[in-house]
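Scroll down for the structure; my scribbles are underneath it.
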Amino acid sequence: MILPLYNRLKEMRARLGVNQAEMGKLIGASRQTVSQIERGDYSPSVTLALKIAKVCNVTVEDIFTYEEDDKDE
Amino acid sequence: MNKEKKSYNGIIVYILITLFAVGIISGVILKGPKGMAENINSIDKGMVGIVLTVIFFVMTVGLTIASFAVYSSAKAKADKWDGENEEEIEHIENMLNIPMLFTNIMQTTCLGFSGCCLYCLTWYKIELMIIPSAILVLSNVFIMLINNKVIELEKKLNPEKKGSIIDSDFQKKWLDSCDEAEKLAVYKACYSAYISANRAFYIISFLLFPIQILLKTGLMPMISVTLLWSIMNISYFRAVSNDKN
């Protein structure tokens with residue numbers, strides 16, 4: 001069972017008009033972490049997810065979506 | 001439950017195969033062709049010392065040149081980077097892993113190489129010992145130079161990173177300046193290294209049984225392996241215990 005966490009971080013970042021490094025500075029993370037989150041290679045902690053939502057001025061659910069995939073059961 | 005039973009059976013089979021292999025090797029060595037151990041011990045150590053010194057020199061020069069070449073290429077690309085192209089910066093940071101890998105290889109093998117060279121050359125000409133000693137000193141200088149350049153470039157690309165290669169607590173400062181994702185990557189890498197090292201120590205301990213008889217190495221290799229293995233496991237469990245507290 002795969003449990004993917006989809007995110008719209010790249011879209012939110014484009015709305016703010018910042019690059020990955022600038023986004024990283026805003027949320028207190030590195031450019032690589034921002035890149036990993038956008039690619040779906042890393043799921044941020046609750047704290048980081050809340051920081052991202054605050055910076056983007058939206059709720060956490062507006063950025064991160066949790067969907068179950070039962071195809072592999 | 002079936003999975004657990006399979007795991008236990010696997011471990012038992014693994015131990016039995018190891019003991020069988022050690023038994024066969026020991027039997028062959030002790031009861032094998034006459035003079036086998038003597039033949040191995042009579043190998044010209046002086047010649048081995050010279051060959052190892054040449055390999056040591058070639059490896060050091062080769063890895064140093066390769067490291068500087070890759071670093072220079074990465075620096076040139078970093079200087080041209082516009083600050084926006086995300087694929088380009090990923091590529092540059094992947095390139096910087098290569099000189100770090102090479103210096104790691106140099107760091108881990110240099111002491112071993114120089115120790116073996118010095119030991120073997122004492123059977124040939126003691127004056128020649130200065131060559132591996134000089135290579136060891138030079139390799140350490142190159143390692144520090146390359147690591148310093150790579151770290152400074154990483155800090156230029158990622159200004160939140162802290163620490164200098166000459167700091168005594170550089171690794172702690174660097175790790176403290178990493179964010180949660182980077183720390184997680186480091187922790188996963190350390191755990192993977194711990195598992196691999198445990199397996200390696202286990203295999204080496206068994207191999208040392210016949211080797212110490214064959215090569216008449218004395219007790220030091222077995223004591224060294226046991227000590228290192230113990231230190232690694234004690235450090236690991238202390239870290240786990242401290243984390244829980």
Side-chain angles (χ1 to χ4, degrees), chain A residues 1-67 70 72-73, chain B residues 3 70-71 74-75 77-101 150-164 170-192 243-244:
Chain A
M1 192 170 73
I2 302 168
L3 303 172
L5 187 72
Y6 297 109
N7 75 83
R8 296 164 58 206
L9 180 57
K10 194 164 186 174
E11 185 189 317
M12 294 292 164
R13 187 166 60 81
R15 263 197 225 174
L16 288 175
V18 295
N19 60 29
Q20 287 180 338
E22 286 159 353
M23 188 65 175
K25 272 186 203 158
L26 288 171
I27 62 173
S30 65
R31 185 206 55 76
Q32 293 102 319
T33 299
V34 172
S35 173
Q36 282 183 301
I37 295 173
E38 287 179 1
R39 287 197 312 262
D41 289 341
Y42 177 68
S43 295
S45 64
V46 169
T47 313
L48 188 55
L50 286 166
K51 275 187 194 173
I52 293 170
K54 190 176 178 183
V55 161
C56 298
N57 210 20
V58 294
T59 64
V60 172
E61 288 80 7
D62 289 332
I63 305 174
F64 298 100
T65 318
Y66 174 81
E67 287 190 21
D70 296 327
D72 289 341
E73 268 190 7
Chain B
K3 274 189 184 173
V70 174
Y71 164 78
K75 183 151 189 330
K77 289 186 181 191
D79 289 339
K80 284 186 200 162
W81 182 50
D82 58 5
E84 297 293 334
N85 190 336
E86 291 153 18
E87 280 179 20
E88 182 68 11
I89 189 65
E90 292 276 350
H91 177 62
I92 292 167
E93 285 182 343
N94 285 337
M95 280 178 79
L96 287 176
N97 286 332
I98 297 171
M100 292 302 277
L101 171 65
V150 169
I151 295 296
E152 291 307 314
L153 183 53
E154 279 278 4
K155 281 160 67 178
K156 190 179 160 191
L157 296 172
N158 302 285
E160 74 277 0
K161 295 288 187 291
K162 301 274 182 284
S164 169
F170 162 70
Q171 283 167 336
K172 187 179 182 307
K173 277 185 185 168
W174 187 269
L175 188 63
D176 285 343
S177 66
C178 289
D179 65 14
E180 58 176 56
E182 289 164 333
K183 281 180 182 167
L184 183 63
V186 170
Y187 300 151
K188 279 184 179 175
C190 290
Y191 182 70
S192 176
D243 194 52
K244 279 181 183 171

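Here is the naming used below: chain letters follow the sequence lines, and residue numbers restart at 1 for every chain.
- Counting heavy-atom pairs closer than 4.5 Å to chain A, the top-ranked of the candidates Ala185(B), Pro159(B), Ala181(B) is Ala181(B).
- In terms of heavy-atom pairs under 4.5 Å with chain A, the best-connected choice from Glu90(B), Glu160(B), Glu93(B) is Glu93(B).
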Next on the checklist: Pair Arg31(A), Glu182(B) - check salt bridge (Lys or Arg N to Asp or Glu O under 4.0 Å), show working.
Outcome noted: CA-CA 11 Å; Arg31(A) 185 206 55 76; Glu182(B) 289 164 333; over 6 Å; no

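- Looking only at heavy-atom pairs under 4.5 Å with chain B, the residue among Ser35(A), Gly24(A), Ala21(A), Ser30(A) that has the most is Ser30(A).
- Defined by atom type and a distance below 3.5 Å, a donor-acceptor pair is missing between the side-chain atoms of Gln20(A) and Gln32(A).
- Side-chain N or O atoms of Glu11(A) include none that pairs as donor or acceptor with a backbone N or O of Arg8(A) at under 3.5 Å.
- Taking the side chain as every heavy atom from C-beta outward, Leu157(B) and Leu96(B) approach each other to under 4.5 Å.
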